[in-house]
Amino acid sequence: MSTENRTKQRPSRDGRARSSHPRASGASSGIGLGTIVRAIGIAIGVFARGAYEVVRDALMTVFTFVERWLVDAKHARYGFAVTRILVGATGLGLLAANFTTRLYTFGSGSAWNGEAAAPRSEFPNIWIFSLFNRIALNDVLFTICYVLLAVLAVLVLVGWRKRFVLPVYFVGWVSFIEMNDLVGDQGDNMYRITLLTLLFTDCASRWSLDARRRRRQRGERRSPNFLRELWNGDALVPAWLTNPVHNLALVTLTAQVSFIYVSGALYKAAGTTWQNGTAIYAPLQTQRFGPWPELNELVVAWPPVLAALAWGSILLQLSFPFMLLRRPTRIIALVGICGFHVGIAVLMGLPWFSLAMIAVDAVFVRDSTWRGFGERLKRAWQEGRARAAGAPATRDAAPGDADQPPELENVEHPDPDDLDDDPAADELDERRARDEFDGDEFADEDPAEGDPDEGGPERAGSGAERPVTSGGGNRGSRS
């Protein structure tokens, strides 16, 4: 038999001839298809595994960042301090402005509206907020409580015993402001929400009498008396519990402000007068909301300005939460929104509403910016006092070189009145924060991660105070 015939046919074990030609072999075709299926399965498995690892790593990165941001340190301490100061100033200003008409607006003189007998608000029906409603018809008691509420506003402003004063002020203010719904505005709601949020923050750790007292007590042995520690404002729980509460309050306030601005922008955008750019004209022509009619007339004299203001306010409010994410846009957003509120205060005669909203927006300014502002303000104050006393100003050196008065020039220990941390350490923390989040977080990580008043260790794990050189050495700035 020839080679060709042997190739075409080969006897099988059962005696039947079979073809060995590749095209005639179904088994060979089956093996090729299975190989393709297995290859596709392996490729899908590799892709799925890679995708799982990428998603897992991304989630772990986000979780780690959120955990560190919440737990490591309190953020926006200076921002919350400014918010506390402006909140106190707002309450004090409103009470002072209405003092001569307090009885007619809130007291016995307003009984004609029926609020004293049947309050429209639900708050006076809650016993803890019913104080002013109960004494509304007693002019003497009402005036006494009115003055005490103003005193509490001053104590909130200066940050004295925040742990006790702020809750009492919150209860007293809600009880007072809900007496007459006819004279309220939406600023009252935001003011109340801000006060409630401040209860969960360490808003008195900067620029306050509490911070001054803590500095003076640093290094002293803590009292074993619980009530004494409570009164002094000492830490009763560890920092890893208080830090998340403080930072979550910041997140809550940010969300609340974002909801207010975005919902207001959407509501405006749905109105016909806002769409055609004439919505601002009518309020500026209302005599009730025009403290300076001549200024209002100047603004409404040119229709393109009215249209630009109307449409610009919608765009600004709608994009405000997103503009906070990056520092350049955040600066534009904060300048624009503060100008927006200043315009409302001046043109519509609503200063306390505007000041309350600006107080909330203060938390979005970075701590490094507020520290720099405080240092410049302090230098200006010192130079002004030096000129008034006839002494030459000594602030030409680098920041921190002449922070201390002459009588403390050679002191080798930190000044107990110092309310701020070491600028060098602040700069180190800011650089680390920039490395972690590209320098564009809402508020820089605060340098006092381990303040003794929080029960934590000092920076770098050392309980010793930072050395301060005498003479021309660099010192921590004082506020």
Side-chain angles (χ1 to χ4, degrees), residues 76 79-80 82-83 86-87 90 184-198 249-286 288-291 295-296 299-300 302-366 369-370 440-443:
F80 272 121
V82 175
T83 299
L86 294 181
V87 162
T90 301
D185 54 46
Q186 292 302 315
D188 299 334
N189 295 333
M190 194 62 214
Y191 191 88
R192 181 173 61 247
I193 293 172
T194 304
L195 278 177
L196 179 62
T197 306
L198 290 180
L250 173 61
V251 174
T252 302
L253 196 60
T254 302
Q256 181 65 40
V257 173
S258 300
F259 293 153
I260 290 175
Y261 287 148
V262 173
S263 61
L266 294 176
Y267 181 80
K268 292 176 181 178
T272 304
T273 56
W274 287 96
Q275 294 174 5
N276 57 33
T278 61
I280 298 179
Y281 179 83
L284 294 183
Q285 292 297 303
T286 303
R288 177 184 177 187
F289 295 109
L295 185 59
N296 291 10
V299 174
V300 302
W302 195 25
V305 173
L306 291 178
L309 292 175
W311 297 335
S313 65
I314 294 176
L315 294 176
L316 178 62
Q317 290 182 252
L318 190 63
S319 60
F320 184 82
F322 308 102
M323 297 178 72
L324 293 177
L325 298 177
R326 305 297 297 178
R327 187 169 185 267
T329 56
R330 184 168 65 247
I331 294 175
I332 297 174
L334 291 176
V335 171
I337 209 69
C338 288
F340 172 76
H341 290 305
V342 170
I344 292 176
V346 174
L347 298 178
M348 299 185 64
L350 298 173
W352 312 122
F353 163 80
S354 299
L355 189 58
M357 296 303 300
I358 293 175
V360 178
D361 295 330
V363 300
F364 303 125
V365 180
R366 297 195 303 174
T369 302
W370 285 124
D440 287 309
E441 64 281 4
F442 284 176

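Scope of the values below: all heavy atoms of this structure, side chains included, with no hydrogens, waters or symmetry mates.
With rounding to the nearest 0.5 Å, the separation of CZ in R192 from OG1 in T197 is 11.5 Å. Atom OH of Y191 is separated from atom CG of L355 by 9.0 Å, given to the nearest 0.5 angstrom. The CD1 atom of I280 sits 9.0 Å away from atom CG of L347, with the distance rounded to the nearest 0.5 Å. Here the CD atom belonging to Q256 is positioned 10.0 Å from the CG atom belonging to L196, to the nearest 0.5 angstrom. The CG atom of L309 sits 11.5 Å away from the CG atom of L316 when rounded to the nearest 0.5 Å. Put simply, OG on S258 and CG on L253 are 9.5 Å apart, with the number rounded to the nearest 0.5 Å.
Contact annotation: the side chain of Y261 approaches that of D361 to within less than 4.5 Å [non-hydrogen atoms, C-beta and beyond]. Counting heavy atoms from C-beta on, the side chains of F340 and F320 never come closer than 4.5 Å. Residues I193 and T252 fail the side-chain proximity criterion, which asks for heavy atoms closer than 4.5 Å. Between T329 and F322 the shortest side-chain heavy-atom distance does not fall below 4.5 Å. Under the 4.5 Å side-chain criterion, counting only non-hydrogen atoms from C-beta, L334 is not in contact with M323.
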I'd like a table of donor-acceptor pairs (distance under 3.5 Å, sequence neighbours excluded) in which one partner is a side-chain atom from residues 262-271, with atom names and distances.
unit_1 : atom_1 : unit_2 : atom_2 : d
S263   : OG     : F259   : O      : 2.5
S263   : OG     : I260   : O      : 3.2
K268   : NZ     : Q317   : OE1    : 2.5

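The residue from T286, L284, V346 that alone fulfils the side chain to side chain contact (heavy atoms under 4.5 Å, CB included) condition with N296 is L284.
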Show, in sequence, the C-alpha distance, side-chain angles and deciding distance for T278 and L306, and conclude whether the side-chain contact (heavy atoms from CB on, under 4.5 Å) test is met. CA-CA 7 Å; T278 61; L306 291 178; over 6 Å; no

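Side-chain atoms of T273 never come within 3.5 Å of backbone atoms of A279 as a donor-acceptor pair (strictly under, hydrogens ignored). In this structure, the side chain of W370 engages the main chain of A362 through a donor-acceptor pair within 3.5 Å. Looking only at distances, no side-chain donor or acceptor of W352 sits under 3.5 Å from a matching main-chain atom of A345. At least one donor-acceptor pair under 3.5 Å links the side chain of W311 to the backbone N or O of Q275.
Residue M190 comes nearest to V257 through the heavy atom pair CE-CG2, 3.9 Å, listed as atom of the first residue, atom of the second, then distance. The two residues A359 and T83 come nearest to each other via the heavy atoms O-OG1, 2.7 Å. A356 and G187 make their closest contact through CB-O, 4.4 Å (heavy atoms, listed as atom of the first residue, atom of the second, distance).
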